[in-house]
Amino acid sequence: MENTYNPVEIEKKWQKRWAEDNLYKVSEHSDRPKWYALTMFPYTSGDLHIGHWYAMAPSDVHARFKRMQGFNVLHPVGFDAFGLPAENAAIKHGIHPYKWTMKNVENMRKQLKTIGAIYDWDREIITCQPDYYKWTQWFFLKLYQHGLAYRNKAPVNWCPKCQTVLANEQVLANGTCERCDEPVIRKDLEQWFFRITKYADELMQHEGLDWPERIKTMQHNWVGKSIGTEISFGLDIPDVPEKEIRVFTTRADTVYGVTFMVLAPENPLVAKITTPDRKDEVEEYIAKTRRFTEIERLSTEKEKDGVFTGAYVTNRLNGDKVPVWIADYVLAGYGTGAVMAVPAHDERDFAFAKKYHLPIKVVISAPGWDGKELEEAYTAEGTMVNSGHFDGTPNLDGIIKVSEFLEEKGWGKRTISYKLRDWLISRQRYWGAPIPMIYCDKCGIVPVPEEDLPVKLPEDAEFKPTGESPLKYCDSFVNTTCPRCGGKAKRETDTMDTFMCSSWYFLRYTNAHFDSGAFDPEAVKYWLPVDLYTGGAEHAVMHLFYSRFFTKAMRDMGLIDFGEPFIKLFNQGIVISNKQKMSKSRGNVVNPDSYVSKMGADTVRCYLMFVAPWEQGGDWNDNGIAGIYRWLNRIWKLATEYYTAYSVDDEEYRNLQRITHQTVKKVTHDIDRIRFNTMISTLMEYTNYLGKIKDSGSVSQKDWQEAIKILLLLLAPSAPHLAEELWHKTRHKYSIHNWKWPEWDEQLAQDEEIPIIIQINGKTRDKEMVSASITEQEAKEIILAKPKVKAYLEGKEIVKIIYVPKKLLNLVIK
RNA sequence: GCCGGGGUGGCGGAAUUGGCAGACGCAGCGGACUUAAAAUCCGCCGGAGAAAUCCUUGUGGGUUCGAGUCCCUCCCCCGGCACCA
């Protein structure tokens, strides 16, 4: 029989055996410490591509490592199964979204199994199944009951021809609908929101979380907290009931420099205050604004423009009457939807004032300012001038003093503003969890009683090519009875944002079949929070934000006793090919299945880890993966070929022992620190070293076998099938994956001899092997006696000697 | 524009955080085996130089006995945010 590594055969064999033996079945009843290792679950796109492998294989390695280290590890998998592509497939190919999705699940599940991960398939979840989305709906009701869900009007991208809402990514760059090329407009619709802003301050805090700095920064910026002052400007127009316009500013110190005011075009006051002669121009501007998407509107490329409303407000501090303009750069949703403009000290206001010939009044004096007109806005620190009794105050103090003064007078108050907006969860789609609400003419908005959940998606909905929401036109779904009065009523036809499903899935894994609640409180108490969460950085603000919000809301409802779902977060990079992102049009898409069927999953796993640091992502290279395959073949030979101890040598034994302990230490540290690429290269070095031992036969049979055993154990998380097969072939007891991770002895890992670098004036000139226990005095004596060193010292004077123990000796000479 | 991360051989990347730059792998070159090729194994492999030696971590400066690593200037690449009042 030929002795060759046949990965395809052995992988199939062991995967079958592990499944039959329930080797990776997870239980809460364990005396080991728990470890919850979660990977972001995949969307059911239909195919498990290399990006999925890159997310899942290395995280499985880490989870396996933890398992061997004695942890009770939960490393589950499931499917994010609601979403637009399924509905598009329904429209295009006439296949029902459920069928389409479940077919994809089946295919992806089969592909996932080829990875050889420790997934416990009894815990699989699929978010589009009624036993899952029932609880997604239940969470909606909970949030509603606790005042965290509300209904409000919000502007959306609307295609008049398709009669539907479009997501931002469905609007083409030229502002038209991707389906029919009709120009998209902004339209106000009644929508459901979650009050995520209630947790704004807490969401900015990441204390106790081991998260990448950039993700924390992104979340911080997303909340966008700014501390400022709300200032009232007097409004006096006959027949307008409002007698003030309030603005938010962080620069209360510049209030004396206000020369105009700008309202958002959507501000409801605009219609009321516009003078008749300005009406046409103002309305035209508002209409123009609506044609722009938010992205275009907020582009800094776009020149700032606006129109005068004809109205004036009074600056109460100095009695100035200033004109009120509207401009699309002022956002209705931020602050009060109105800003005071101080052109002298704000670049944007400066440009606007220049364009429309509005006055520019300096109120903060730069050191040495000579009273001349400004060439550009002065935004740095200075002293207040032209500011009544505040003149001479340093402007930073002025912010506080002016605010205090305004508060005393009742003309304003200090306040905090956030960029973060409430989470809009309504989607005018079929393929999502229906929002469990009923509209009754008599009783108004009535939540579906918990016992009536789930509100199931109707199977007979029609998918029209126009893209209209199928639920809206499905009479059997829409028409219902009011749970309160029993009269005729209509169901909410919007479904929930799919981010809802992923905001709590990590709880469901702990007991996926629990049917008396969304999650099993006991199991959640045992497993949560997640110890290590890995996935792509693209979810930095959306998914991770929403999950944290859910967790905090649940905590405040008393459902759970922790406020953060994920203790450690790690973002892997992206696999590219030929220095470019993979895409069908470029024809550079790497299909993992074809490599698995040639070289095996173990090779693909190891290659993905070796190619680059995980957080960085790597460039797929066919030659590179061949190198890994060669390496695994070398291991195969090393472990299966006959070893002969020709010339046993004590010193070589000590070397082997030391190198083995050093290898165990390095590999353990590298997996712990998630440095898989150097972990693999350490194993390669060890393999190379063992190859030399095998050639020389310089250690005993027993010591050789011990070294191979350690190699296999260290390899087990990375190449689980190969390690299991070789474990079996070297006559060890099944299964290697239940074996304990090797430990190292710090003493035995110590080098006996170490090189001392010899430098002359900081330049490396030589090195000397010395005993590791050498003293400074001994080292100096040995090194200064070296002829080569003596030659350098010829005719020179030693000014200084720097000795770094066990590292280097630097002679500074003159 | 602002925030974050980077820039090291022909390529992917190492460098215990201030102490031998280039581990490991790929590609390349030379050799062994073979009738031959593939596979496998061995050796070489940043640049200049005959050699001693010198140069080399995007650029320019600085700190230090010593800098890929720390500080400042500038250039470039990637990711995020983008008129936030």
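All of these numbers come straight from a predicted model, not from anything done at the bench. The figures here come from the full heavy-atom set of this structure, side chains too, leaving out hydrogens, waters and symmetry mates.
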If you look only at distance, which donor and acceptor atoms sit under 3.5 Å apart when one is on a side chain in residues 342-350 of chain A and the other is two or more places apart or in another chain?
from: A:His345; atom 1: ND1; to: A:Tyr378; atom 2: O; distance (Å): 2.8
from: A:His345; atom 1: NE2; to: A:Val363; atom 2: N; distance (Å): 3.0
from: A:His345; atom 1: NE2; to: A:Ile364; atom 2: N; distance (Å): 3.0
from: A:Asp346; atom 1: OD1; to: A:Arg348; atom 2: N; distance (Å): 2.9
from: A:Asp346; atom 1: OD1; to: A:Asp349; atom 2: N; distance (Å): 3.0
from: A:Asp349; atom 1: OD2; to: A:Val342; atom 2: N; distance (Å): 2.9

- [ ] Could you classify B:U34 for me, syn or anti, using a glycosidic angle within 90° of 0 as syn?
- [x]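 It is anti.
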TODO: Determine if the base of B:G9 is syn or anti; take syn to mean the glycosidic torsion is within 90° of 0.
DONE: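 Syn, since the glycosidic angle lies within 90° of 0.
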[N] phosphate, OP1 or OP2, under 4.0 Å from [X] side-chain N/O:
X	N	value
A:Lys304	B:C83	no
A:Asn621	B:C11	no
A:Ser226	B:A85	yes
A:Arg630	B:A39	no
A:Arg675	B:A15	yes
A:Lys763	B:C55	yes

Quick one: [X] [atom1] to [N] [atom2], roughly how many Å, whole number?
X	N	atom1	atom2	result
A:Gln572	B:G79	CD	C1'	15 Å
A:His345	B:C83	NE2	P	23 Å
A:Leu331	B:C81	CG	C1'	14 Å
A:Tyr418	B:C81	OH	P	21 Å
A:Tyr686	B:C24	OH	P	17 Å
A:Met542	B:G80	CE	C1'	13 Å

Side chains of [X] and [Y]: donor-acceptor distance under 3.5 Å anywhere?
X	Y	value
A:Tyr689	A:Thr663	no
A:Gln616	A:Trp614	no
A:Glu538	A:Asn571	no
A:Tyr329	A:Asp305	no

Open item on the list: Looking at the base of B:G19, is there any donor atom on it, or on the side chain of A:Gln759, that sits under 3.5 Å from an acceptor on the other one?
Closed with: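 Between B:G19 and A:Gln759, which were checked side chain against base, a qualifying N/O pair under 3.5 Å is present.
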Open item on the list: Would the base of B:C65 count as contacting A:Asn810 through its side chain, where contact means a donor and an acceptor less than 3.5 Å apart?
Closed with: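 Donor-acceptor pair under 3.5 Å: yes.
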Checking all strands, does [X] fall into the base, sugar-phosphate, or nothing category for heavy-atom contacts under 4.0 angstrom?
X	result
A:Pro613	sugar-phosphate
A:Asp346	nothing
A:Gly224	nothing
A:Val804	base
A:Glu347	nothing
A:Arg634	sugar-phosphate

TODO: Name the residue closer to the 5' end of RNA chain B, choosing between A:Ile628 and A:Leu808 according to the nucleotide with the nearest heavy atom.
DONE: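 Here A:Leu808 is the residue nearer the 5' end.
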- [ ] Identify, between A:Gly624 and A:Thr249, the residue whose nearest nucleotide on RNA chain B lies closer to the 5' end.
- [x]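 Its nearest nucleotide being more 5', the pick is A:Gly624.
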Nucleotide nearest [X] (side chain, heavy atoms from C-beta), chosen from [options]:
X	options	result
A:Arg765	B:C3, B:C65, B:U53	B:U53
A:Lys767	B:C20, B:C65, B:C84	B:C20
A:Thr678	B:A15, B:C84, B:C24	B:A15
A:Lys807	B:G80, B:C24, B:U16	B:U16
A:Lys419	B:A85, B:C65, B:C81	B:C81
A:Asn623	B:C26, B:C20, B:U53	B:C26
A:Ser681	B:A23, B:G12, B:C20	B:A23
A:Tyr334	B:G19, B:G25, B:A85	B:A85
A:Phe248	B:C55, B:A85, B:G19	B:A85
A:Asp328	B:G13, B:G25, B:C83	B:C83

Open item on the list: Could you check whether atom NE2 of A:His220 has more than 12 heavy atoms from other residues, nucleotides or ligands sitting under 6.0 Å from it?
Closed with: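 For A:His220, atom NE2 is not crowded (no more than 12 foreign heavy atoms under 6.0 Å).
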Open item on the list: Would you say that more than 12 heavy atoms from the other residues, nucleotides or ligands in this model lie under 6.0 Å from the CD of A:Glu407, or not?
Closed with: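 Atom CD in A:Glu407 is crowded, with more than 12 foreign heavy atoms closer than 6.0 Å.
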Task: Nucleotide-level pairing of RNA chain B, given in dot-bracket where Watson-Crick and G-U pairs need both distances under 3.5 Å and | marks other strands - done: (((((((..(((......[....))).(((((.......))))).(((....)))..(.(((..]....))).))))))))....
Task: Pair A:Tyr356 and A:Trp325, ring centroids less than 6.0 Å apart - done: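 Under 6.0 Å, so yes.
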Open item on the list: If I pick the C1' atom on B:U17 and the same atom on B:A67, what distance separates them, to the nearest angstrom?
Closed with: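 It comes out at 12 Å once rounded to the nearest Å.
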- [ ] State, yes or no, whether a side-chain contact exists between A:Asp602 and A:Leu715 at a heavy-atom distance under 4.5 Å.
- [x]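 When only atoms from C-beta onward are counted, A:Leu715 and A:Asp602 do not touch, as no gap falls below 4.5 Å.
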- [ ] Might you work through the ring pair (Phe, Tyr, Trp, His ring centres under 6.0 Å) test for A:Trp411 and A:Phe233, ending with a clear yes or no?
- [x] CA-CA 8 Å; A:Trp411 295 339; A:Phe233 282 73; over 10 Å; no
